[in-house]
Asker: 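Take this structure, written in structure tokens, and hold onto it; I'll ask about it next.
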Amino acid sequence: MDIAQLILDDHHEQRRLFAILEEIDRADTGVLAAIWDRLASFLELHAQAEEDVFYPALLQAGIAARRTAGVEDETLDAIHDHNEIRDAITEVARHRVGTDDWYAAVTAANLANSDHMAEEEREGLTDIRRLTGLAHRHRLAVAFAAFEARNHAGVRPVDKDPETYVRVAEGNSPVTARGSLSVGSLKRP
């Protein structure tokens with residue numbers, strides 16, 4: 001088992017669910033809502049699993065290989081992307097299922113997620129393969145799968161400040177209680 005492959009498998013499922021939404025009759029709002037709810041929950045869970053398991057490991061691997069700047073930039077961009085995806089999911093919820101506005105918001109979420117996946121597949125997953133061995137990627141995969149299994153019912157979406165996230169993940173800032181960094185539209189009070 002390899003963390004890179006687990007993430008790719010999740011990406012495939014995300015693409016599949018977005019494609020299913022495109023094939024459902026817009027009048028079938030119950031089915032649209034059910035598929036969207038599953039997808040939205042999965043997007044949030046996947047982002048949190050990456051933030052808890054994958055990106056800290058990528059940063060640590062970059063530090064060990066003296067490639068800190070590259071993996072920091074990738075991680076900053078990824079956390080920013082995750083915030084955009086969370087915000088896009090929130091925007092979908094503001095519209096009645098099946099309306100033109102709802103479809104436009106779903107399309108925006110799909111575009112934000114597709115852009116993120118492409119960058120991650122091209123950069124972060126390539127770097128984790130180059131910078132770590134299979135045994136380490138296996139341990140990460142176990143942790144990633146366990147996180148998703150333990151949180152299968154969903155996670156609370158919380159935007160994060162990318163720079164603070166990187167400092168904490170690199171060990172340059174004390175880790176505080178898990179949760180909001182008080183940035184973005186999904187701030188926790």
Side-chain angles (χ1 to χ4, degrees), residues 1-18 37-65 67-68 70-86 88-89 109-110 112-162 164-173 175-181 186 188:
M1 193 164 42
D2 183 332
I3 184 76
Q5 188 58 52
L6 283 186
I7 290 172
L8 287 169
D9 292 345
D10 277 8
H11 289 181
H12 175 75
E13 179 64 6
Q14 292 164 22
R15 289 178 175 108
R16 188 180 79 81
L17 291 169
F18 274 113
D37 289 348
R38 176 179 173 207
L39 175 55
S41 179
F42 184 47
L43 291 169
E44 291 164 350
L45 175 60
H46 176 81
Q48 191 62 53
E50 286 183 347
E51 291 168 3
D52 280 18
V53 178
F54 177 71
Y55 282 103
L58 179 63
L59 286 164
Q60 292 303 318
I63 290 167
R67 294 212 34 239
T68 304
V71 296
E72 278 181 349
D73 289 344
E74 291 169 27
T75 303
L76 289 166
D77 187 54
I79 302 308
H80 174 77
D81 290 350
H82 286 173
N83 290 341
E84 285 185 348
I85 294 164
R86 289 181 186 105
I89 291 167
N110 190 0
N113 192 59
S114 295
D115 289 347
H116 167 69
M117 290 187 301
E119 290 173 350
E120 188 170 75
E121 290 168 8
R122 190 174 56 250
E123 297 169 356
L125 297 182
T126 298
D127 282 345
I128 201 75
R129 285 189 201 105
R130 288 180 177 159
L131 299 174
T132 63
L134 184 56
H136 183 62
R137 293 194 315 272
H138 174 80
R139 287 188 298 277
L140 293 172
V142 170
F144 192 89
F147 182 91
E148 288 190 327
R150 287 186 188 111
N151 294 285
H152 67 89
V155 295
R156 184 174 177 190
V158 178
D159 278 350
K160 295 168 181 65
D161 175 66
T164 302
Y165 173 88
V166 167
R167 279 196 315 274
V168 169
E170 289 179 337
N172 296 329
S173 177
V175 178
T176 59
R178 188 167 180 244
S180 177
L181 295 171
L186 299 174
R188 213 185 265 179

Asker: Could you tell me whether the side chain of Leu6 reaches within less than 4.5 Å of the side chain of Phe54, counting heavy atoms only?
Answerer: no

Asker: Ignoring hydrogens and angles, tell me if any N or O in the side chain of Tyr165 forms a donor-acceptor pair with the backbone of Glu51 under 3.5 Å.
Answerer: yes

Asker: Do Lys160 and Gln48 have side chains that approach each other closer than 4.5 Å (heavy atoms only, starting at C-beta)?
Answerer: yes

Asker: Taking atom NE2 of His46 and atom NE2 of His116, what is their separation to the nearest 0.5 Å?
Answerer: 5.5 Å

Asker: Residues in side-chain contact (heavy atoms from CB on, under 4.5 Å) with Arg16, at least two apart?
Answerer: Glu13, Ile20, Arg38

Asker: Could you list all the salt bridge (Lys or Arg N to Asp or Glu O under 4.0 Å) pairs where at least one residue sits in residues 145-155, not counting sequence neighbours?
Answerer: none

Asker: Can you list everything that forms a side-chain contact (heavy atoms from CB on, under 4.5 Å) with Ser41? Sequence neighbours excluded, please.
Answerer: none

Asker: Could you grab the distance from atom CG of Leu39 to atom CG of Leu43, nearest 0.5 Å is fine?
Answerer: 4.5 Å

Asker: Is the shortest heavy-atom distance from the side chain of Leu140 to the side chain of Phe144 under 4.5 Å?
Answerer: no

Asker: If you measure only the distance, is there a donor-acceptor pair under 3.5 Å linking the side chains of Asp10 and Gln14?
Answerer: no

Asker: Using a 3.5 Å distance criterion without hydrogens, assess whether the side chain of Arg137 forms a donor-acceptor pair with backbone atoms of Ala4.
Answerer: no

Asker: Without swapping roles, check the side chain of Asn113 against the backbone of Ala109 for a donor-acceptor pair under 3.5 Å.
Answerer: no

Asker: How long is the straight-line distance from CD1 of Ile3 back to CG of Leu134, given to the nearest 0.5 Å?
Answerer: 12.0 Å

Asker: Can you measure from OG (Ser114) to CD1 (Ile85) and round to the nearest 0.5 angstrom?
Answerer: 9.0 Å

Asker: Between Met1 and Val142, what is the shortest heavy-atom contact and its length?
Answerer: CE-CG2, 3.4 Å

Asker: Can you give the donor-acceptor pairs under 3.5 Å from side chains of residues 73-80 to other protein atoms, not counting sequence neighbours?
Answerer:
{"unit_1": "Glu74", "atom_1": "OE1", "unit_2": "Gly124", "atom_2": "N", "d": "3.4"}
{"unit_1": "Thr75", "atom_1": "OG1", "unit_2": "Val71", "atom_2": "O", "d": "2.8"}
{"unit_1": "His80", "atom_1": "NE2", "unit_2": "Glu84", "atom_2": "OE2", "d": "2.9"}

Asker: Applying salt bridge (Lys or Arg N to Asp or Glu O under 4.0 Å), which residue pairs with at least one partner in residues 118-133 are found, sequence neighbours left out?
Answerer: Arg15-Glu121, Arg67-Asp127

Asker: Mind listing the closest non-hydrogen atom pair of Leu131 and Ala61 along with its distance?
Answerer: CB-CB, 3.9 Å

Asker: Quick one: list whatever passes side-chain contact (heavy atoms from CB on, under 4.5 Å) with Ala40, sequence neighbours left out.
Answerer: Trp36, Ile89

Asker: Which atom names give the shortest non-hydrogen contact between Ala141 and Asp2, and what distance separates them?
Answerer: CB-C, 3.6 Å

Asker: Do Phe147 and Leu45 pass the side chain to side chain contact (heavy atoms under 4.5 Å, CB included) test, and can you show the C-alpha distance, the side-chain angles, and the key distance before you say yes or no?
Answerer: CA-CA 9 Å; Phe147 182 91; Leu45 175 60; 3.8 Å; yes

Asker: Over all heavy atoms of both residues, which pair between Val155 and Glu44 is shortest? Give the atoms and the distance, please.
Answerer: CG2-O, 3.6 Å

Asker: Which heavy-atom pair separates Asn83 from Pro162 by the least distance, and what is that distance?
Answerer: ND2-CD, 4.3 Å

